[in-house]
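This report refers to the structure that appears directly beneath it.
None of these values were measured; they are calculated from a predicted model.
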Amino acid sequence: MGGGHVQDARRLLEESLTGPAGDGLVREARAAVAELGSTRRLLPLVRELAAGVGDPSGCALLSYRHVLGFDKLLLIDGGPRHMLRAHVWHPGRGTREDIHNHRSPLASYVVRGTLGMELYETADPGTDEGIATSWYRESLTGEDSDWLLEPAGGARLRLVQSAQYTAGSGYALPSHVLHRAWCVSAGPTVTLFLETGAGRRRYTDVFAGAGAVEAADAAERGVAKKRLEVNDYLAELSALAEVLADGPVD
């Protein structure tokens, strides 16, 4: 079941996220992730998980090197209702992630470092406004739940907001909001990410630079997840605990 810190985190999430819907759910998710992202809560939680408490085998199966440029470590698996993850962003690893939305409302809290963030909306495809992109519908497929990208045509997107989030700040977004994020700081950026699971959509929208995803637009494209082995997962948690112990440096 888990040690005291794991059980406390599960209890907070259950109490916060059971009942609210819509904007209320987004607000509760933001408050919950800010509370759990505080050093007094997150550091002992990660240390407990790194010691093998909870379900390391199950969490390792859902932890991987994300194609969008960060390491995704599952901390608390609430099944279809919510997932609490640590995202570790490394400076200089690739480029900014593709513009995308999510299957369900989310909240994120910056624990260490600085995260850049841009919000987008669709623009009139008949004009030169915004940027030209290739639009894909991304879903999960197969027994291993790898990503499947289905071409959906072209689209133009307009930048509506650009911001930087430093340690101690955060944001929450409804599932449909288009955005992309990247590591701004010279060292790793760590964020605590809460996916509520409520109102989960079947697919997300991904917008890459026109022609950026190789292969023709006529074909579907599968992208395999680079999952972590249990030992690697526990080692990543131990390394994360060391980073957190150094304090919330920007």
Under 3.5 Å, is there a donor-acceptor pair between the side chain of Thr133 and the main chain of Ala155?
-> yes

Quick one: pull up CG in Leu42 and CD in Glu35 and give me the separation to the nearest 0.5 Å.
-> 11.0 Å

Counting distance only, does the side-chain N/O of Asp98 pair as donor-acceptor with the main-chain N or O of Ala208 below 3.5 Å?
-> no

Minimum heavy-atom distance between Ser162 and Glu118, given as atom pair plus value = OG-CG, 4.1 Å

Distance, nearest 0.5 Å, that separates CG of Asp71 from CG of Leu240 | 10.0 Å

Could you go step by step and tell me if Thr189 and Arg112 meet the side-chain contact (heavy atoms from CB on, under 4.5 Å) rule?
-> CA-CA 5 Å; Thr189 290; Arg112 182 185 175 95; over 6 Å; no

Derivation of the side-chain contact (heavy atoms from CB on, under 4.5 Å) call for Arg10 and Ile76 | CA-CA 7 Å; Arg10 288 185 180 277; Ile76 301 293; 3.9 Å; yes

CG (Leu74) and OH (Tyr64) are apart, to the nearest 0.5 Å, by 9.0 Å

Just how far is it from atom OG of Ser57 to atom CG of Leu62, taken to the nearest 0.5 Å?
-> 11.5 Å

Scanning both residues in full, the closest heavy-atom pair of Ser139 with Glu150 reads OG-OE2, 3.8 Å

State, to 0.1 Å, how close Leu12 and Ala32 come at their nearest heavy-atom pair, and which atoms those are.
-> CD2-CB, 3.6 Å

First locate atom CE of Met83, then atom SG of Cys59, and finally report the distance between them rounded to the nearest 0.5 Å.
-> 8.5 Å

So, Thr204 and Glu138: side-chain donor and acceptor under 3.5 Å apart, yes or no?
-> yes

Given Ser175 and Arg201, is the side-chain contact (heavy atoms from CB on, under 4.5 Å) satisfied, shown in steps?
-> CA-CA 8 Å; Ser175 60; Arg201 300 187 300 149; 4.1 Å; yes

Give a yes or no on whether Leu17 and Leu75 share a hydrophobic cluster (residues Ile, Leu, Val, Met, Phe, Trp, Tyr; joining criterion: side-chain heavy atoms under 4.5 Å apart).
-> yes

Path from Val26 to Val160 over hydrophobic side-chain contacts below 4.5 Å | no

Whether Ser169 side chain and Thr166 backbone form a donor-acceptor pair below 3.5 Å | yes

Check the pair His100, Tyr120 against ring-ring contact (aromatic ring centres under 6.0 Å, His included), reporting the backbone distance first and the verdict last.
-> CA-CA 9 Å; His100 63 284; Tyr120 288 84; over 10 Å; no

Looking at Ala29 and Leu194, what are the two nearest heavy atoms and their distance?
-> O-CD2, 3.7 Å

Cluster link Ile99 to Tyr165, ILVMFWY, side chain under 4.5 Å | no

From Leu228, Asn231, Val46, residue fulfilling side-chain contact (heavy atoms from CB on, under 4.5 Å) relative to Glu236 | Leu228

Could you give the distance from NZ (Lys72) to NE2 (His87), rounded to the nearest 0.5 Å?
-> 5.0 Å

Any idea how Trp135 and Phe207 line up, ring-wise: parallel (<30°), tilted (30 to 60°), or perpendicular (>60°)?
-> parallel

Same hydrophobic cluster for Leu119 and Leu159, using side-chain heavy-atom links shorter than 4.5 Å among ILVMFWY?
-> no

Would you please classify the geometry between the His179 ring and the His102 ring as parallel, tilted or perpendicular, with 30° and 60° separating the classes?
-> parallel

Backbone N/O of Ala241 and side chain of Arg47: donor-acceptor pair under 3.5 Å | no

Exercise: identify the closest heavy-atom pair between Thr191 and Ser108 | CB-OG, 3.7 Å

Look at the side-chain heavy atoms of Ile, Leu, Val, Met, Phe, Trp and Tyr, link any pair under 4.5 Å apart, and say whether Val53 and Leu234 land in one connected group.
-> yes

Would you confirm whether Glu48, through its side chain, and His5, through its main-chain N or O, come within 3.5 Å as a donor-acceptor pair?
-> yes

Could you pull out the closest heavy-atom pair between Leu43 and Leu244, with the gap in Å?
-> CD1-CB, 3.9 Å

Just by distance, do the side chain of Arg156 and the backbone of Thr127 share a donor-acceptor pair under 3.5 Å?
-> yes

